[in-house]
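Letters go in sequence order (proteins before strands), and every chain restarts at 1.
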Number of protein chains: 2
Amino acid sequence: MKNRNKNITIYDVAHALSVSATTVSRALKDHHSIGKDTKKKVKKMALAMGYEPNAIASGLRKKKTHTIGVLVSQINRPFISSLISGIEEVANKNKYHVFITQSHDSYEKEVEDIKAFYNNRVDGLIVSLAMETKKYDHFLPFLKNNYPLVFADRVTYEIETDKIVVDNFEAAFKATSHLIQQGYKRIGHLAGAQQRHMYKKRLDGYTAALIKHGIQPEESLIYYSNLSQQEGWNGAKLLLGQTVKPDAVFAANDTSAVGFMQYAEQLTNYSIPHNLGVVGFNNDPISSIVRPKLTTINHPAMEMGKKAAELVLTKISGNSYTTIPQTITFNTDLIIRESSMKK
Amino acid sequence: MKNRNKNITIYDVAHALSVSATTVSRALKDHHSIGKDTKKKVKKMALAMGYEPNAIASGLRKKKTHTIGVLVSQINRPFISSLISGIEEVANKNKYHVFITQSHDSYEKEVEDIKAFYNNRVDGLIVSLAMETKKYDHFLPFLKNNYPLVFADRVTYEIETDKIVVDNFEAAFKATSHLIQQGYKRIGHLAGAQQRHMYKKRLDGYTAALIKHGIQPEESLIYYSNLSQQEGWNGAKLLLGQTVKPDAVFAANDTSAVGFMQYAEQLTNYSIPHNLGVVGFNNDPISSIVRPKLTTINHPAMEMGKKAAELVLTKISGNSYTTIPQTITFNTDLIIRESSMKK
DNA sequence: TTGTACGCGTTATCAA
DNA sequence: TTGATAACGCGTACAA
């Protein structure tokens, strides 16, 4: 067992120079009250001795860790990783570090991770909720103690705090209207978990577009799932196997849209987009790799991440955390590609 | 400005019950020396008062944070996110928390993140190196103080520590041999940064397979890049635009292979796999979404992550960290799909 | 410009 | 079975 934990502290550096620990502490952070030559001397010695600051001790003393926690469902979704990149960019620019964990859409994991973030006293938190989550008590420690908490994308309106979202209703309305304008008559929907506000809004937008164009919504054309690729496949199998079949589908994400397309691809009586239209959501990279290329909705994921981080940081540093929580809504674009071009 | 930082401590709980803080501390962690009824009483009061442990203070005192840091290039690569899932699974099972950051393949970011992990005294570290990294001094604090450090996938042999890798030479050899057996005569290679051992080994395996089959390697058939989709496209443009053209390519990852295929797709004189073969590496989900489906190499990413975490955890808890660093090599499989089926 | 003394919240040690 | 005390490493009010 070798020498473990023989970390060098400011005391060691102070001792080596016959000055006080206070002087070392101040010199290392360029405090104005320390002389130029002393600073130089201290920094040189600290480097020579291999001193590394202990953020744990500093955090305990200052009650500030210079970290923000990010909890997402899964990091391997293109939308999420862009969101995270946006968060990191802003946070790092402000000398904050970002720690990421994933809930894998499990409520239990979400609760545990949030607790770990609180126990480690991150200065702020950005969350995209798990599919499963229906209770929100685990955010109480953050709320009670006024730690900045921002929800992004997968939000809940049961907690009063800042939210970063896109206009899911309007996006779904646009997507569905586009299919109608292309001449599709009976449009189905691959829907997500309805306790997630965003998926409910996508369903609502879809329904509203149908009604606006005089089409009667049919519950039998809607397939609810976790929107995985497999579930897209399953949805296609079910919807296209019924007697009342859709001739187009609006999927609540690209992943399930691709699964849907793959099932349809192997049926001889379907050809996308000629007698079957597909629109997805997210503009994931696969949407332009799949053939035919997938029409989809683009969000400004990176911008949303940046905004979320900005919100957290201003709340941390400012004294603005008495202000009323705000919801920031970003716009989306419909990206028309081959999969919906009937005309 | 509301009440911030009014966190409840074990002293508050102790005071409310007229016991000592020591008793509270012990009761909460089920120390054997505390009576059953006292434990019950303390836990109940802690819950009622909304006490939450402060991991910062505990970490300072115990010199142990129960966290492990993971540094990767980018979280949005399927291989990486599977690796992380494996790490998380093992870590969480052992009550450890995993904090993830990404270097975005920048040396500076890697240095900064490693420093932040050290400053926050993570108990162990798992790293997949940035493409750019050529110096390794930033790992010194971990090495000097015997903190467990494991490299995974993108490793360096300039540091003596544990490594988790796949046999890149053998995998590349298999992939290239397969193309030769399918009847392709002039095989190119999309290569990665050669300071990363893994990419060098893939190039070596490719070269060795050619030589073994009596084919003279040609430097003009090798395109070096960061292996992005765009660079795959650029590589195709260059290689297929030369007078000496390849009739097949082995790409060091799937992303660049897809870019390559997309460029070739729009050339009328090429048809994959009939007069142009393609093999990728990683078995990313896109490899079975792209058409024709991509032949590729599968790694056990999740298993590699699990093993990395196990290694770190045994080193943390055990006293085995005097033992000699080990390199664990995982096997790969060639997954034959349409893109290389000339026969 | 520099130093002394204390506290952040927890836990290890020693004593009762 | 419980308690008093010190210490983890740092930052800050106060003093010099």
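- In this structure, A/N54 places its CG atom 9 Å from P of D/dG11, rounding to the nearest Å.
- With hydrogens and angles ignored, a donor-acceptor pair under 3.5 angstrom links the side chain of A/R26 to the base of C/dG3.
- Residues B/R77 and B/V72 are not in side-chain contact: their nearest non-hydrogen atoms beyond the backbone lie 4.5 Å or more apart.
- Applying a 4.0 Å cut-off to non-hydrogen atoms, none of the residues of residues 27-41 of chain A approaches DNA chain D.
- Salt bridge annotation for B/D105-B/R154: present, with a cationic side-chain nitrogen under 4.0 angstrom from a carboxylate oxygen.
- Here C/dA12 is the nucleotide among C/dA12, D/dG3, D/dC10 with the atom lying nearest to any side-chain atom of B/K62.
- Taking the nucleotide of DNA chain D with the nearest heavy atom to each of B/R61 and B/V19, the more 5' of the two is matched to B/V19.
- For a distance-only test at 3.5 Å, the side chain of A/T22 qualifies as a donor-acceptor partner of the base of C/dT4.
- You'll find that the side chain of A/S25 is closest to D/dG11, out of D/dG11, D/dG9, C/dC8.
- Note on A/K63: a side-chain N or O is less than 4.0 Å away from OP1 or OP2 of C/dG9.
- By the salt bridge (Lys or Arg N to Asp or Glu O under 4.0 Å) test, B/K109 is found to be paired with A/E88, B/D113, residues two or more places apart in sequence or in another chain being considered.
- Here the closest heavy-atom approach between residue B/H138 and residue B/I114 is recorded as O-CG2, 3.3 Å.
- Note: A/Y147 and A/Y118 meet the aromatic proximity criterion, with ring centroids under 6.0 Å apart.
- In this structure, B/L60 atom CG and C/dT11 atom P are separated by 11 Å, rounded to whole Å.
- With distances taken from any side-chain atom of B/T23 to the nucleotides C/dG3, D/dC10, D/dT2, the minimum falls on D/dT2.
- Residues meeting the salt bridge (Lys or Arg N to Asp or Glu O under 4.0 Å) test with A/K93, sequence neighbours left out: A/E89.
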